[in-house]
Protein chains: 2
Amino acid sequence: MTTRATLTDVARAAGVSISTASLAFSGAGPISAATKAKVLAAAADLGYSGPNPVARSLRRGRSGVIGVVVRKDLRQNFRDPVAIQTLDGVATTLGESDLGMLLVPTDDASGQAPELLRHAAMDAAILLNGAAAGAPSVRVLRDRAVPAVHVDTAVRGSVSIRVTDAAGMRAVAEHLRGLGHSAVGVVTLPWGPHVEPGPLDPARPGRSSVPYTAARWAGLLEGGVLPVAAQVARGSWVEEGIRAGHALLDAMPRPTALVGFSDLLAAGLLLAARERGLRVPQDVSIAGFDGVDLPWLGEDVLTTVTQPIQEKGRLAAAAAIALAAGERARSAVLEVELRPGTTTGPAPA
Amino acid sequence: MTTRATLTDVARAAGVSISTASLAFSGAGPISAATKAKVLAAAADLGYSGPNPVARSLRRGRSGVIGVVVRKDLRQNFRDPVAIQTLDGVATTLGESDLGMLLVPTDDASGQAPELLRHAAMDAAILLNGAAAGAPSVRVLRDRAVPAVHVDTAVRGSVSIRVTDAAGMRAVAEHLRGLGHSAVGVVTLPWGPHVEPGPLDPARPGRSSVPYTAARWAGLLEGGVLPVAAQVARGSWVEEGIRAGHALLDAMPRPTALVGFSDLLAAGLLLAARERGLRVPQDVSIAGFDGVDLPWLGEDVLTTVTQPIQEKGRLAAAAAIALAAGERARSAVLEVELRPGTTTGPAPA
DNA sequence: TACGGGGGTCGCAACGTTTCGACCGGCCTA
DNA sequence: TAGGCCGGTCGAAACGTTGCGACCCCCGTA
């Protein structure tokens with residue numbers, strides 16, 4: 001088998017120097033139209049389809065690839081519309097700069113970063129896995145001196161893109177209080193590695209080690225809502241919302257309002273309420289967080305807090321691009337907004 | 001700013017040759033424990049975190065990256081559980097070999113392949129975008145001599161991983177006929193670039209240019225079902241299923257059974273039927289295709305055809321790994337299976 | 001004592017590009 | 001007509017590895 005043609009071969013065939021041949025492809029630098037055509041013709045002749053990307057990267061000192069660190073179980077992870085929209089934002093912005101997106105599935109709970117993260121070429125990384133300061137993935141990147149952008153997590157000395165989680169949840173709390181609700185049940189996102197999913201004592205929850213979970217809980221309290229019952233979900237899944245919904249609706253006295261820390265959880269709450277024949281919002285109000293599309297929800301429009309998810313991804317990508325180019329990048333905290341729907345109403349008398 | 005340490009620096013600091021230093025990291029070749037420790041110590045001292053991946057790739061002639069070509073709009077694309085599960089399978093298998101997964105969003109309709117596909121380093125590619133033989137993405141890869149694995153599409157001279165779409169849909173048709181249904185409405189997946197979404201004449205549908213759409217339609221006919229009404233969906237989305245569901249249920253005489261070319265579409269059909277107060281399956285039977293989890297569907301268990309989606313991804317990745325290593329890989333066609341649920345029943349009298 | 005073998009180390013030549021500086025004419029301007 | 005400038009081309013030196021072959025020395029064996 002004959003090996004692939006290189007720039008040297010093309011140059012020889014075209015009767016020019018290697019430097020000139022390079023110019024014909026890179027476009028940077030002066031070259032006459034005639035020469036360029038000659039080189040391109042020779043290239044076509046030899047089946048040469050452009051400079052070897054690896055060699056180019058080595059010479060340029062840049063790989064043109066941004067690592068995107070996501071949670072290991074893509075199947076669960078990408079079932080979450082929030083993750084997908086973030087990724088979509090990232091992909092859009094990276095695409096505009098012709099940068100590659102290397103997906104790196106990571107399981108920080110395993111205690112070590114994947115081999116890939118240690119060895120793969122990348123000019124910068126975007127951490128979508130919510131890894132905190134001490135996490136393996138973060139350490140590996142630091143050791144490799146790969147600049148990192150954290151999404152939804154603040155890490156000292158790193159750029160991070162976040163939203164005002166606490167303020168958003170406070171708005172929900174105030175909204176519910178304004179409607180006269182005083183008995184509120186809550187299903188939270190995972191609380192942290194050392195807290196089991198299931199019931200949570202609202203009076204002594206301990207501090208969640210997941211930044212946005214902690215922030216959203218804090219927001220609830222700031223808004224004057226101390227839940228009468230709480231459940232910790234295994235993940236942002238509808239099934240968990242259903243399970244938690246039944247658990248919460250079993251509480252005595254029954255909560256008049258239920259809050260999900262994500263829209264998927266809230267959708268589950270809604271389904272649980274429906275299963276029990278409860279009318280929403282007459283019998284029970286339900287609110288979520290995220291503002292994602294749930295086309296299968298039917299007539300109901302979920303009261304929720306919309307966050308600019310795609311924008312978060314785009315900003316993260318833009319920051320990563322800047323860092324990859326050796327420039328500085330700034331952290332950002334984006335605003336969220338309460339969007340009242342049809343699933344919340346006055347508390348029953 | 002001081003530039004990053006290289007193997008040369010480490011070797012010098014450790015007082016050994018570059019080759020020996022390399023040995024300490026690659027592990028390939030004989031090296032005394034003492035020397036290795038010395039080199040590693042020097043490396044730690046200099047903050048050297050292992051060989052530069054790009055240089056290594058250049059030297060080795062392999063980048064350790066597999067390109068995964070997906071449809072452009074990640075947001076729509078990844079809303080589809082099928083796409084996600086496939087990707088999950090791919091990621092799992094690639095991860096086991098410590099290979100990177102470069103996500104390349106592509107819009108073949110635009111007529112040209114993304115810059116990234118032309119220029120990014122990859123040892124092989126997996127096409128999840130259903131690109132047919134002539135598509136830009138396929139051409140670019142061929143020109144670059146990047147071996148490709150096609151999923152759900154057969155391309156002459158390339159490896160492809162598919163399922164028995166026709167057989168699956170034939171099983172659905174036979175199932176429905178066995179239940180006495182003769183008036184069947186269908187919502188198909190997109191038919192091809194030059195066929196508008198919306199109503200389709202079941203008697204003269206023309207041949208779909210999307211291989212699995214064509215195969216599934218053919219399977220229906222093979223099973224003895226000539227639909228009385230048909231709708232072409234914009235994509236595998238619940239909303240489209242709902243829209244099509246209403247359109248199909250408006251047909252006179254009303255179909256007694258509805259078939260969706262995907263579970264998401266079928267779920268939409270189900271929701272449309274519910275919205276109209278129709279009982280499933282007493283008033284209308286509904287069947288889908290894919291066998292994905294739809295936890296929000298409630299009590300109903302969708303009658304569907306399960307395909308080994310994750311397995312498809314795993315096989316595709318395995319094939320890509322083989323091709324990247326210069327070995328041969330074989331195409332595969334996986335079996336699907338009818339899984340009767342609670343959404344199909346005897347045709348109303 | 002001489003010889004063979006093997007573990008460990010080292011030099012050097014790639015891998016395929018980009019880019020910097022030098023060089024060479026020809027053309028414009030003074 | 002001479003000087004300067006600029007468009008176009010070229011050589012050569014990196015970029016940071018890996019891996020082949022050579023080499024050296026020590027030990028075991030004949």
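In what follows, chains carry the letters A, B, and so on, assigned in the order in which the sequence lines appear, proteins first and then strands, with residues in each chain numbered from 1. We use all heavy atoms of the structure for the numbers below, so side chains are in, but hydrogens, waters and symmetry mates are not.
Put simply, the side chain of A:Thr35 never gets that close to the backbone of A:Ile31: no donor and acceptor are under 3.5 Å apart. With hydrogens and angles disregarded, no donor-acceptor distance shorter than 3.5 Å links the side chain of A:Arg56 to the backbone of A:Pro51.
On a pure distance criterion of 3.5 Å, no polar donor-acceptor pair joins the side chain of B:Ser32 and the base of C:dG8. The base of C:dG11 has none of its N or O atoms less than 3.5 Å from a complementary donor or acceptor on the side chain of B:Ser17.
Note: CZ (B:Arg56) to C1' (C:dT17) measures 20 Å, nearest angstrom. Between A:Arg62 atom CZ and D:dG16 atom P there is a gap of 15 Å when expressed in whole angstrom units. With rounding to whole Å, A:His119 atom NE2 is found 13 Å from D:dT17 atom P. At whole-Å resolution of the value, NZ in A:Lys36 and C1' in D:dT9 are 16 Å apart. A:Leu7 has its CG atom 20 Å from the P atom of D:dA14, to the nearest Å. Rounded to an integer number of Å, the gap from B:Asp9 CG to D:dG16 C1' is 10 Å. Distance CZ (B:Arg12) to P (C:dT9): 20 Å, rounded to an integer number of Å.
Comparing B:Ile18 and B:Ala55 by the nucleotide of DNA chain C whose heavy atom lies nearest to each, the residue mapping closer to the 5' end is B:Ile18. The nearest heavy atom of DNA chain D to B:Leu58 and to B:Leu23 marks one nucleotide each, and the one closer to the 5' end goes with B:Leu58.
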Query raised in the report: Given A:Asn129 and A:Thr106, is the side-chain hydrogen bond (donor to acceptor under 3.5 Å, both in side chains) satisfied, shown in steps?
Result: CA-CA 8 Å; A:Asn129 61 342; A:Thr106 301; 4.6 Å; no

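For A:Thr35, whose side chain is taken as the heavy atoms from C-beta onward, the closest listed nucleotide among D:dT9, C:dT18, C:dC10 is D:dT9. With distances taken from any side-chain atom of B:Val16 to the nucleotides D:dG16, C:dT18, C:dC10, the minimum falls on C:dC10. The listed nucleotides are C:dG16, C:dT9, D:dG16; the one nearest the side chain of B:Thr20 is C:dT9. Of the listed nucleotides (D:dA14, C:dT9, C:dC10), C:dC10 has the atom at the smallest distance from the side chain of B:Ser19.
Looking at heavy-atom distances under 4.0 Å, A:Phe25 makes no contact with the nucleic acid at all. Residue A:Pro30 is classed as a base contact, given a heavy-atom separation below 4.0 Å to a base.
B:Arg60 has a side-chain polar atom (N or O) that falls below the 4.0 Å cut-off from OP1 or OP2 of D:dG19.
Under the 4.0 Å criterion applied to side-chain N and carboxylate O atoms, B:Lys312 and B:Asp152 are assigned as salt-bridge partners.
The line from CZ of B:Arg71 to OG of B:Ser137 is 11.0 Å long, rounded to the nearest 0.5 Å.
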